Amino acid sequence: MRPSPHASILLIAVFLSVVFALAPMRAYLHQRGELSDLQRQTEQLQVQNSELERRIADLNDPATLERLARQCLGMVEPGEIAFVPIPKGRAPTPPDCG
């Protein structure tokens with residue numbers, strides 16, 4: 001049995017609609033995946049930014065600056081005497097100034 005001309009035209013129209021809809025649908029799905037990745041990256045960067053802002057605030061604290069100057073740079077106030085303990089049998093280890 002052969003389909004009628006109207007049915008054939010309708011079938012061709014549906015087929016073409018599906019074919020032409022595939023590319024935009026694929027692009028939409030790809031962009032949605034990229035958006036999800038970018039949102040996750042944004043959240044990570046916001047967390048890092050918050051940590052860096054906290055670190056900046058900490059480094060602006062005079063007590064922190066004094067502690068780092070004494071520990072990491074070996075600085076002392078005028079009139080103070082600095083002592084560096086040297087472990088027996090091995091070299092001194094530098095302070096953790098990270």
Side-chain angles (χ1 to χ4, degrees):
M1 180 164 133
R2 194 162 193 217
S4 69
H6 292 296
S8 297
I9 291 173
L10 181 62
L11 186 62
I12 290 171
V14 168
F15 176 75
L16 289 175
S17 296
V18 169
V19 168
F20 287 120
L22 287 178
M25 181 59 80
R26 197 173 17 215
Y28 168 75
L29 293 174
H30 177 72
Q31 289 175 353
R32 196 171 77 180
E34 280 186 12
L35 180 62
S36 175
D37 292 342
L38 289 173
Q39 287 173 336
R40 190 172 27 260
Q41 184 181 8
T42 300
E43 291 170 3
Q44 291 173 347
L45 290 173
Q46 286 174 340
V47 167
Q48 287 178 352
N49 193 34
S50 296
E51 291 172 3
L52 290 173
E53 287 175 349
R54 184 197 52 77
R55 179 79 171 137
I56 288 171
D58 191 37
L59 288 174
N60 283 327
D61 180 26
T64 301
L65 290 177
E66 181 178 355
R67 180 183 55 80
L68 290 174
R70 288 178 179 276
Q71 285 179 349
C72 300
L73 302 175
M75 298 178 82
V76 294
E77 291 282 337
E80 291 181 342
I81 299 173
F83 292 95
V84 179
I86 300 176
K88 202 170 209 175
R90 57 175 217 233
T93 57
D96 179 28
C97 295

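Quick caveat: nothing in here was measured; it's all calculated off a predicted structure. The residues of the chain are indexed from 1 along the displayed sequence.
Taking Ile, Leu, Val, Met, Phe, Trp and Tyr as members and joining any whose side-chain heavy atoms lie under 4.5 Å apart, directly or through other members, the hydrophobic cluster of Leu73 also contains Met75. Under a 4.5 Å side-chain heavy-atom cut-off, the cluster of Ile, Leu, Val, Met, Phe, Trp and Tyr residues that includes Leu45 has no other member. Leu29 belongs to a hydrophobic cluster with Met25, Tyr28, counting contacts under 4.5 Å between side-chain heavy atoms of Ile, Leu, Val, Met, Phe, Trp and Tyr, direct or through other members.
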Open item on the list: Go through it in stages, so that I can follow the logic: the residues are Leu65 and Asn60, the test is side chain to side chain contact (heavy atoms under 4.5 Å, CB included), and I'd like the CA-CA distance, side-chain angles, deciding distance and then a yes or no.
Closed with: CA-CA 7 Å; Leu65 290 177; Asn60 283 327; over 6 Å; no
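Sorted by first and then second residue, the salt bridge (Lys or Arg N to Asp or Glu O under 4.0 Å) pairs with a member in residues 10-28 form an empty list; sequence neighbours excluded. Under the salt bridge (Lys or Arg N to Asp or Glu O under 4.0 Å) criterion, the residue pairs touching residues 72-82 are Arg70-Glu80, with sequence neighbours excluded. Under the salt bridge (Lys or Arg N to Asp or Glu O under 4.0 Å) criterion, no residue pair touches residues 6-21, with sequence neighbours excluded.
Residues passing the side-chain contact (heavy atoms from CB on, under 4.5 Å) test with Ser4 are His6, Ala7, sequence neighbours excluded. Residues forming a side-chain contact (heavy atoms from CB on, under 4.5 Å) with Pro87 (at least two apart in sequence, or on another chain): Arg90, Pro92. A search for side chain to side chain donor-acceptor pair (under 3.5 Å) contacts involving Arg67 returns Gln71, not counting sequence neighbours. Looking at residues two or more places apart in sequence or on another chain, you find a side chain to side chain donor-acceptor pair (under 3.5 Å) between Asp61 and Thr64. Here Gln41 pairs with nothing under the side chain to side chain donor-acceptor pair (under 3.5 Å) rule; sequence neighbours left out.
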Check residues 30-39 and write down every donor-acceptor pair under 3.5 Å in which the side-chain atom is one partner and the other belongs to a residue at least two apart or another chain.
{"residue": "His30", "atom": "NE2", "partner": "Glu34", "partner atom": "OE2", "Å": "2.7"}
{"residue": "Asp37", "atom": "OD1", "partner": "Arg40", "partner atom": "NH2", "Å": "2.6"}

